[in-house]
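A quick write-up on the structure given underneath.
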Amino acid sequence: MDFSKLDTFLSQMESRGIPACDLTVIVEGRPVYRGIYGYADEAKTRPASDRDMYYLYSLSKVATCTGALRALERGFIHLDDPVGDYLPAYRHLMVKRPDGSVTPAEKAMTVRHLFSMSGGLDYDMRTPAINHVRECGPSNTVATVALFTEKPLLFEPGTSYEYSLCHDVLAAVVEVATGVRFADYQRQEIFEPLGMTDTTYHPTEEQLARLSELWRYDERTYTSHTEDRNSVRLFCLGHDYDSGGAGIVSTASSYERLIAALSNGGTSPDGYQVLRPETIKLLAENQLCPEGLAKFAAGRFGGYGFGLCCRTHLRPEVSLSPSSVGEFGWDSAANAYALIDPTRKIGILYATHVLGCVTGYYLYHPAIRRLVYEALES
C-alpha cells in the first residue's frame with residue numbers, strides 16, 4: 001500500500017481553503033492509514049490532532065440508522081410498521097398536492113419510509129413551531145418531532161424522495177419502541193460497546209473546549225472564514241432533544257470505530273457485533289421507487305441509490321467510482337465524508353469542519369475516494 005499521493009493531496013487541502021482535515025482508512029476493521037493536516041484554530045496555535053472534536057451534522061445519520069437497525073434485529077420495530085403506531089401525531093397526515101390543495105394522505109408513513117427519506121417530510125428547521133421550541137424549550141425528542149406534522153407532506157409516503165427530517169423521526173420511533181431515551185440507547189448499544197468514548201449528542205465542557213474551529217467556505221475564492229459555532233443550533237434544539245439527523249459531536253478517532261465495524265461485516269475488531277452481516281446487506285439495498293431514485297441520483301449521486309440509511313452504490317459504469325457495488329455512506333454539512341465498502345471490507349472517514357463547501361462534495365470527496373483505492377491496490 002502506497003499512500004504517498006494521498007498524503008500529498010491532503011497536505012494541499014489548506015491551499016484549497018480547508019483549514020484542517022483528518023482522514024482514516026480502514027481495512028478489515030483496522031486502520032491502515034491516518035493523515036491529519038492543518039490547524040484547529042484560526043490563529044494556527046493548535047495543530048490539528050486526533051483529539052479534535054467535530055460537529056458531524058448529517059454523518060449522525062449513519063449512527064442513527066445503525067441503532068434503528070439494531071432495534072429492528074431485536075424485534076422492537078419492523079420496516080413496514082406505520083409510524084403512527086409509535087407516534088400518534090403521524091396517524092393522520094396531510095399532503096400538499098401538485099395543484100396546491102391539501103388533502104389527507106392516502107398512504108401511511110412507515111418505518112421503511114423514514115430510513116429511506118421517502119416519507120414526504122422536508123428539512124425546514126425554521127417553522128414557527130420549531131422556532132418556538134428553539135427559543136422557549138425545552139422539548140424532548142418525541143414531542144418535538146410531533147411538531148413536524150404541522151406542515152403537510154410534500155408527497156404521498158413512499159412515492160418519491162426528499163432529503164428531510166425523517167431520521168430525526170426515526171430516532172423518536174426507536175425511543176418509543178425501546179422505552180429508552182435515544183441518546184442513552186445509542187450510548188448503551190453502540191458507542192460504549194464499540195469504545196466510542198468521544199462520541200455524544202450532548203458534549204461536556206471539556207469536549208467543547210476541544211472543538212475544531214468551525215468555518216464557512218467561499219466558493220468564489222476557495223477560502224474559508226470562521227463561522228459562529230452557535231449556527232449548529234439550527235439542528236440541535238436543546239439538551240432534551242437528541243437529533244438523529246444531525247446531533248452528534250465526535251472526534252474522528254472515536255467515530256471511525258463505527259465505520260470500522262460496519263465495513264467489517266458488522267463486527268468490531270474486538271468482537272462486538274453491532275449489526276448482523278445480513279443486516280449490512282439489507283442496509284445497502286436501494287429502497288427508492290423509480291421516481292425517487294431518479295430524483296436522488298440526479299447530479300452528484302449518479303449511479304447511486306438510497307438504502308436503509310444513505311447512498312448505496314448501484315452502477316459503477318455511471319458513478320465512475322472504484323468502490324464495490326453495495327458500498328454505502330454519507331457526508332455532512334461541514335463536509336465530513338464516510339464510505340463503507342462491505343464487499344472489500346474498506347472504510348473511509350474524512351473529518352473536517354467547513355460549512356458550505358459544495359466543491360468538497362463534487363471534487364474533494366471523489367478525489368479522496370479514488371486516491372484511497374489506488375493506494376490500497378498499489
Side-chain angles (χ1 to χ4, degrees), residues 1-54 56 59 212-226 250-256 259-260 263 300 311 313 316 319-324 327 329-341 344-378:
M1 292 180 283
D2 181 2
F3 290 102
S4 57
K5 290 183 180 179
L6 184 61
D7 276 321
T8 299
F9 180 83
L10 294 175
S11 70
Q12 296 169 346
M13 291 305 286
E14 191 171 2
S15 68
R16 300 182 183 100
I18 307 299
C21 64
D22 185 340
L23 178 70
T24 301
V25 179
I26 299 156
V27 177
E28 295 184 348
R30 299 186 183 278
V32 297
Y33 171 85
R34 185 73 178 272
I36 305 175
Y37 291 89
Y39 290 86
D41 65 331
E42 185 177 16
K44 297 187 177 182
T45 61
R46 285 175 52 200
S49 81
D50 60 3
R51 285 179 47 77
D52 294 335
M53 302 287 292
Y54 298 89
L56 291 187
L59 271 194
S212 180
E213 194 76 66
L214 186 61
W215 302 83
R216 174 73 63 175
Y217 201 68
D218 187 335
E219 294 284 350
R220 299 167 300 176
T221 60
Y222 304 106
T223 59
S224 296
H225 60 269
T226 54
S250 182
T251 61
S253 299
S254 183
Y255 205 74
E256 74 182 38
I259 306 304
S263 63
R300 68 186 178 102
R311 68 168 195 273
H313 197 195
S319 69
L320 306 183
S321 171
S323 62
S324 307
E327 168 256 301
W330 203 235
D331 44 45
S332 85
N335 230 241
Y337 172 77
L339 176 148
I340 297 133
D341 187 335
R344 298 174 63 178
K345 295 190 174 182
I346 295 170
I348 300 172
L349 180 64
Y350 167 73
T352 190
H353 223 195
V354 184
L355 297 168
C357 183
V358 177
T359 300
Y361 305 124
Y362 281 88
L363 297 181
Y364 303 157
H365 294 171
I368 288 169
R369 180 181 62 200
R370 174 179 54 81
L371 289 168
V372 166
Y373 278 84
E374 285 182 2
L376 294 176
E377 292 168 358
S378 62

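These numbers come from the heavy atoms of this one structure, side chains and all, not from hydrogens, waters or symmetry mates.
Of the possible polar contacts, one joining the Asn335 side chain to the Cys357 backbone as a donor-acceptor pair under 3.5 Å is found. When atom types are taken as modelled, the side chain of Ser332 and the backbone of Ala336 share a donor-acceptor pair closer than 3.5 angstrom. Between the side chain of Ser224 and the main chain of Trp215, no donor-acceptor pair closer than 3.5 Å is present. Formation of a donor-acceptor pair under 3.5 Å by the Ser212 side chain with backbone atoms of Asp52 is not found in this model. Here the side chain of Asp41 pairs a donor or acceptor atom with the backbone of Arg46 at under 3.5 angstrom. Side-chain N or O atoms of Arg216 include none that pairs as donor or acceptor with a backbone N or O of His225 at under 3.5 Å. In this structure, His313 contributes its side chain and Ser324 its backbone to a donor-acceptor pair below 3.5 Å. Counting only distance, with no hydrogens or angles, the side chain of Ser15 and the backbone of Gln12 share a donor-acceptor pair below 3.5 Å.
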Evaluate the side chain to side chain contact (heavy atoms under 4.5 Å, CB included) criterion for residues Val32 and Leu376: first the C-alpha distance (whole Å), next the side-chain angles of each, then the deciding distance (0.1 Å), finally the verdict. CA-CA 9 Å; Val32 297; Leu376 294 176; 4.3 Å; yes
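Applying the side chain to side chain donor-acceptor pair (under 3.5 Å) test to Asp22 and every residue at least two apart in sequence or in another chain returns Arg34. Applying the side chain to side chain donor-acceptor pair (under 3.5 Å) test to Thr8 and every residue at least two apart in sequence or in another chain returns nothing. Partners of Asp218 according to the salt bridge (charged side-chain N to carboxylate O under 4.0 Å, His left out) rule, which considers only residues two or more places apart in sequence or in another chain, are Arg220. Residues satisfying the ring pair (Phe, Tyr, Trp, His ring centres under 6.0 Å) criterion with Tyr255, sequence neighbours excluded, are absent altogether. With sequence neighbours excluded, the residues forming a side chain to side chain donor-acceptor pair (under 3.5 Å) with Ser321 are Ser323, Arg369, listed by chain and number. The side chain to side chain donor-acceptor pair (under 3.5 Å) check on Thr352 picks up nothing, with sequence neighbours excluded. Partners of Glu42 according to the salt bridge (charged side-chain N to carboxylate O under 4.0 Å, His left out) rule, which considers only residues two or more places apart in sequence or in another chain, do not exist here. By the side chain to side chain contact (heavy atoms under 4.5 Å, CB included) test, Tyr362 pairs with Arg300, Val358, sequence neighbours left out. The side chain to side chain contact (heavy atoms under 4.5 Å, CB included) test applied to Ala20 returns Ala48, not counting sequence neighbours.
Residue pairs meeting the ring pair (Phe, Tyr, Trp, His ring centres under 6.0 Å) criterion with at least one partner in residues 27-46, sequence neighbours excluded, are Phe3-Tyr33. Sorted pairs that involve residues 357-368 and meet salt bridge (Lys or Arg N to Asp or Glu O under 4.0 Å), not counting sequence neighbours, are lacking altogether. Evaluation of the salt bridge (Lys or Arg N to Asp or Glu O under 4.0 Å) test over residues 5-16, restricted to residues two or more places apart or in two chains, returns Glu14-Lys44.
Residues Ala375 and Ser378 come closest through the heavy atom pair O-OG, 2.6 Å. Considering all non-hydrogen atoms of both residues, Asp331 and His365 come closest at CB-CE1, 4.0 Å. The two residues His353 and Met53 make their nearest non-hydrogen contact at CE1-O, 4.3 Å. Between Thr24 and Glu256 the shortest heavy-atom distance is OG1-OE1, 2.9 Å.
Counting heavy atoms from C-beta outward, Ile340 and Ile259 have side chains that approach closer than 4.5 Å. Residues Leu59 and Tyr54 are not in side-chain contact: their nearest non-hydrogen atoms beyond the backbone lie 4.5 Å or more apart.
Atoms CD1 and CD, on Ile346 and Glu327 in that order, are 10.0 Å from each other to the nearest 0.5 Å. How far CG of Asp50 is from OG of Ser253: 4.0 Å, rounded to the nearest 0.5 Å. Taken to the nearest 0.5 Å, the CG atom of Leu363 stands 11.0 Å off from the CD1 atom of Ile368. One finds the OH atom of Tyr337 at 12.5 Å from the OH atom of Tyr361 (value rounded to the nearest 0.5 Å). Taken from OH in Tyr350 to CE in Met13, the straight-line distance is 3.5 Å, to the nearest 0.5 Å. Separation of atoms OH (Tyr217) and OH (Tyr222) is listed at 7.0 Å; rounding is to 0.5 Å.
With Leu23 as reference, Leu10 is the one residue of Leu371, Leu10, Ile36 to meet the side chain to side chain contact (heavy atoms under 4.5 Å, CB included) rule.
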